[in-house]
Amino acid sequence: MTLSPVKYDAIKFLTGEYKGKRPFAIVQVKSAEVQILTDDDGEDVVYMHEGEEYLAAQIVYDLGEVIEKSDY
C-alpha cells in the first residue's frame, strides 16, 4: 500500500487567540511525504479506532519561501 499526502501549494500558519485578527504567515510547500511511525523495535505502530486497525503516520512538509505575512 502506498500512502500519498494531499498536495498543497502553500500552508497558512496562524498564531494567537481564536478571535479577531490573528498574525499569520503563508508559506510555500515544496514537497510532502508520509512517514509511517515505528516503535523501538522497528515495527510499524498500529492502533485501533472504532473497531478498525490503522497505521500511525505523520506528514512531513518541506517548506519554502514566505509568500505573505501579516503585520499585526
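Note that the numbering runs from 1 along the sequence shown for the chain. Only heavy atoms go into these numbers, but all of them, side chains included; no hydrogens, no water, no symmetry mates.
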Inset, instruction - Kindly check if the number of other-residue, nucleotide or ligand heavy atoms within 6.0 Å of CD (E65) is above 12? - result: no
Could you tell me whether the side chain of [Y] reaches within less than 4.5 Å of the side chain of [X], counting heavy atoms only?
X   : Y   : answer
I26 : K69 : no
V46 : L55 : yes
I67 : D9  : no
L63 : F13 : yes
K12 : L14 : yes
I11 : Y61 : yes

Legend entry - D41 (side chain) donor-acceptor with E43 (main chain) under 3.5 angstrom: no
Inset, instruction - For S70 and F24, indicate whether the former's side chain and the latter's backbone hold a donor-acceptor pair under 3.5 Å. - result: yes
Legend entry - Linked, directly or transitively: I36 and I59 (ILVMFWY side chains, under 4.5 Å): yes
Inset, instruction - Say whether V29 and V66 are linked into one hydrophobic cluster, either directly or through other cluster members, by side-chain heavy-atom distances under 4.5 angstrom. - result: yes
Legend entry - For S4 against V34, the heavy-atom pair lying closest together: C-CG2, 4.1 Å
Inset, instruction - Search all heavy atoms of P5 against all heavy atoms of A32 and return the closest pair with its distance. - result: CG-O, 3.6 Å
Legend entry - Partners meeting side-chain hydrogen bond (donor to acceptor under 3.5 Å, both in side chains) with Q28 (sequence neighbours left out): none
